[in-house]
Every structure is written in C-alpha cells, then in structure tokens.
Amino acid sequence: MTIDTPTAPSADKIEIAPATTDVWDQLRSSFAMADCDADPEILVWARRYTRNPQQFENQLHAVLPQLVYVQQVAAQYDVAGEFVLLPWIESHFRPVPGRKNLPAGIWQIMPVTAGSMGLRVDGHYDGRLDVPAAANAVMKLLKQYHDEFSDWRVADYAYNAGEFSVKKYIQQHGMPANEPVIPSWPVRKVTREHLTKLLAMACVVREPDRFNVSLPTLSDEQHLVQVAMPHSMPIAQAADRAGMSVDSLKDLNAAFRTDTIDTAAASYLLLPASHAQQFREALLSQGSRPTASTSLSLDDTGGSDPVSALPAAGTSVNISQNQKTHTVQNGESLWQIAHHYSVSTAQLQRWNHLHGPILKPGQVLQINDNH
C-alpha cells in the first residue's frame, strides 16, 4: 500500500464507544457504500471468500477481537464501517512483520507512509504493528480523505493508490458518478480490486446466510483493552503475569521487535479483558502499582502517551470491600470508564443496574475489584 499524505495526524484522544449491541448489527448500521448486488464482481469476490464456509468462519473467529477493536476506533472518527474490514483485505488481520522497504502490519503500511502518519518505525519498535496506534492513524487518514473528496470510494482509492494519484484522476476525469459503483477511472487493476474486495467482505457481513456462513460472537472477556505499563519488562515476564503464552502476547503486541516491552516506545499493552485484570493483579501482588487502562493520544513523532495514567479525579477506593467508586466527569463515556479499570461495559452496567450507555456528570459508579 502506498499513500501520499501532506501531514501527520494531529494528536487527539481516542475515546472508544461502548459496544452495547451485537457487533455485526453495529457494523451493518455503519456501512455507507454499495450492497451485494451493486456490481457482479462484488458477488464474485464474496463467493471466493466464503467458498469454504467453515474455514472462513474459523479465520474470522480468530481475528474477531482485533476486528472489534478496529470497529470501535472507526466509530470514533465516523469512518464508514466497510473500512473496519480493510485489514482483512490487506492481511487477513495478520501482524505481518516489516522487512526492509516492504509494507507491514494488519494495514500493510509502507515505511515512508508510516512516517507521514506519525508512526515510529525503527529497530526496536514498529508502530505499523501497534494495533491501537495504527488503527488511530489509519482512521484519521481515511476521515481526512473523505473530508477532502466526499466519497468513500475515492477514499479507498486514495488509501491504495495514493492521494496524489487520486487528485490527478479527478483533474483528468472529474469526480466519479454514483454509477457504476466501482468508478470507471483508468486505475490499476489492483486498485479497482481493492475496493471490490472491500465491498465483497461487507456483502458477506450484510447477508451471511446468502453465503452459508455464520458470523462468530465475542465474549466480554475477549474484548481487547489497553493496559498502561508501569515500567519496561521482558515480554516473557509480562506474558507470565497476564497468564498468556509468549506467542499470544507477542501477536497482540507485535510492534515490539525485541524481547522487551519498552515503555519508551509504547507505554501500554493490548490484552484481552480477562488477562488484563490478571496482569494488573499480578503487578499489585509483586509491588508494582499499575496505572489504569488508558485511551491514547499520538504525538507528531509517533510516540504514544496515556491520556489518563491514573484513575480520574472523583475516584475513591474502598479497600475493606474491595470496591472502587468512580464519579462521572463531564464528557466521559461508559466505555472510557470501563477502559480505565480493565473491565467490560457489560460488567459496569450490571454492577450499577444500568440499562444503556448514557451517563450523567456527577453519577457515582461502583467498580468491583473481585470481578
């Protein structure tokens, strides 16, 4: 993938929205492009992806935690839901390692492009393989493309072929009409197929029964959360404290190129919610006080800093009952608070008898440490 971008994304806080309904229903409701029958090639590719339904379901199930995480980031930037499936088109959500001048990560980002997006790439750390940082950077870029071109199809062409190339096509041929769905610009075959494949995967999500597949589900414990690191440590030690295999932890945190979690490069880990809690408890028991799970901001050099390293103001701790209370601040979301404490939004709703994601400033929430 090659992209021409004028500036790196600005530093913004990610506040991931709560997943309060079925993940696939949420995704369908955010689609903004054509459906299955808009072009014959869309159906051709949809059938190719699902020609072995069981294999397709197994592959999708294996990457669902990352897909859901990307969906939450996309929602924050109001990016069309089809682009949540972009890593499937690029890499099947595999953390492809970077070699020399080749693309890397689930988004298949070139090294020069990473620099323009504000992602650090060096011998110790590759931000293209950092799921939170890369997802944030890509969604910001796609939003910029849509703001500029007002057409998600053109945004996809820009992602694949580069912004400069797209501007040349617009100068020569004008903006594409609504029909045909796949713009008739004389682009490379790989660029045309890139959009077709994206719409094909969206087609499968729209109508799974049509292709004899069942879309997998994700439990609360499998949702991915960011856990702030108090200090650098060997990956093997972090995996032991999280109750995970080294390979599993590395797969989720593939940006670290050495055997050490280097907090100078990225001061957080991405972990399943259940393992995040175990990791925090292990740090406490061994005398290292972990900071809360955080949202991130990316600075212009590609570094990442916790926005909220410690529990927010208004948090109190009741040690005797192993319970915290959190006073909701203006602008805080249910997901953001759940993210702070490495719990799921469903657990927060259950503990506080909430029937939806709406919170009021000043509302006091119970946080159960024995979950």
Side-chain angles (χ1 to χ4, degrees), residues 8-16 66 69-70 72-73 76 95 105 114-115 117-140 223-242 244 246 248-273 275-313 315 335-343:
S10 61
D12 286 319
K13 180 179 178 181
I14 303 173
E15 292 183 2
I16 296 177
Q66 291 93 323
Y69 191 93
V70 170
Q72 293 162 355
V73 177
Q76 285 300 303
M117 296 169 77
L119 295 172
R120 170 181 165 180
V121 178
D122 57 36
H124 299 283
Y125 171 86
D126 189 338
R128 297 173 296 172
L129 284 88
D130 183 323
V131 173
N136 182 40
V138 169
M139 292 306 167
K140 280 187 178 181
H223 278 258
L224 298 178
V225 298
Q226 293 165 227
V227 180
M229 294 286 292
H231 52 74
S232 299
M233 70 175 63
I235 288 178
Q237 186 180 58
D240 180 66
R241 291 179 174 181
M244 299 173 64
V246 171
S248 295
L249 189 138
K250 277 187 173 181
D251 281 346
L252 290 176
N253 299 276
F256 297 103
R257 286 178 152 178
T258 68
D259 291 330
T260 299
I261 306 295
D262 182 5
T263 55
S267 56
Y268 56 88
L269 284 177
L270 191 66
L271 298 173
H275 292 284
Q277 180 60 23
Q278 180 173 340
F279 182 79
R280 294 171 66 233
E281 290 173 352
L283 290 180
L284 285 170
S285 68
Q286 296 175 22
S288 296
R289 182 170 180 79
T291 54
S293 297
T294 65
S295 302
L296 297 183
S297 64
L298 298 181
D299 63 27
D300 290 336
T301 61
S304 52
D305 301 305
V307 172
S308 307
L310 294 172
T315 302
W335 172 266
Q336 183 185 5
I337 296 168
H339 219 48
H340 271 298
Y341 299 104
S342 298
V343 300

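Computed from a prediction, not measured in an experiment: that's the story for all the values here.
Taking all atoms of both residues into account, the shortest heavy-atom contact from D251 to P95 is O-CG, 4.0 Å. Of all heavy-atom pairs between L252 and L271, the closest is CD1-CA, 4.4 Å. Heavy atoms only, all atoms of each residue included: A134 and R128 are closest at CB-O, 3.8 Å. Across every non-hydrogen atom of V225 and A276, the tightest pair is CG2-CB, 3.5 Å. I261 and A238 make their closest contact through CG1-CB, 4.4 Å (heavy atoms, listed as atom of the first residue, atom of the second, distance). Of all non-hydrogen atoms in A282 and S285, the two that sit nearest each other are O-OG, 2.8 Å.
Distance check, rounded to the nearest 0.5 Å: CG of L224 to OH of Y69 gives 8.0 Å. To the nearest 0.5 Å, the span separating CG on D240 from CD1 on I235 amounts to 13.5 Å. Rounded to the nearest 0.5 angstrom, R257 CZ and H124 NE2 are separated by 10.0 Å. Distance check, rounded to the nearest 0.5 Å: CZ of R280 to CG of L283 gives 9.5 Å.
Qualifying side-chain hydrogen bond (donor to acceptor under 3.5 Å, both in side chains) partners for D259, counting only residues two or more places apart in sequence or in other chains: K250. Residues passing the side-chain hydrogen bond (donor to acceptor under 3.5 Å, both in side chains) test with S232, sequence neighbours excluded: T263. The side-chain hydrogen bond (donor to acceptor under 3.5 Å, both in side chains) check on T260 picks up nothing, with sequence neighbours excluded.
A distance-only check finds no donor-acceptor pair linking the side chain of R241 to the backbone of A236 [under 3.5 Å]. A donor-acceptor pair under 3.5 Å is absent between the side-chain atoms of H223 and the main chain of A273, judged by distance alone.
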Exercise for review: List the steps, then state whether side-chain hydrogen bond (donor to acceptor under 3.5 Å, both in side chains) holds for N253 with Y268.
Suggested key: CA-CA 9 Å; N253 299 276; Y268 56 88; over 6 Å; no
Exercise for review: Give the intermediate values and the outcome of side chain to side chain contact (heavy atoms under 4.5 Å, CB included) for residues D126 and F256.
Suggested key: CA-CA 7 Å; D126 189 338; F256 297 103; over 6 Å; no
**Study point:** Verdict with supporting geometry, M233 and D262, side chain to side chain contact (heavy atoms under 4.5 Å, CB included)
**Key:** CA-CA 7 Å; M233 70 175 63; D262 182 5; over 6 Å; no
Check your understanding: So Q76 and Q72, side-chain hydrogen bond (donor to acceptor under 3.5 Å, both in side chains) or not? Walk me through it.
Key -> CA-CA 7 Å; Q76 285 300 303; Q72 293 162 355; over 6 Å; no
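Side-chain contact between D130 and Y125: present, with at least one pair of heavy atoms (C-beta onward) separated by less than 4.5 Å.
A salt bridge links R120 with D122; the closest basic N to acidic carboxylate O contact falls under 4.0 Å.
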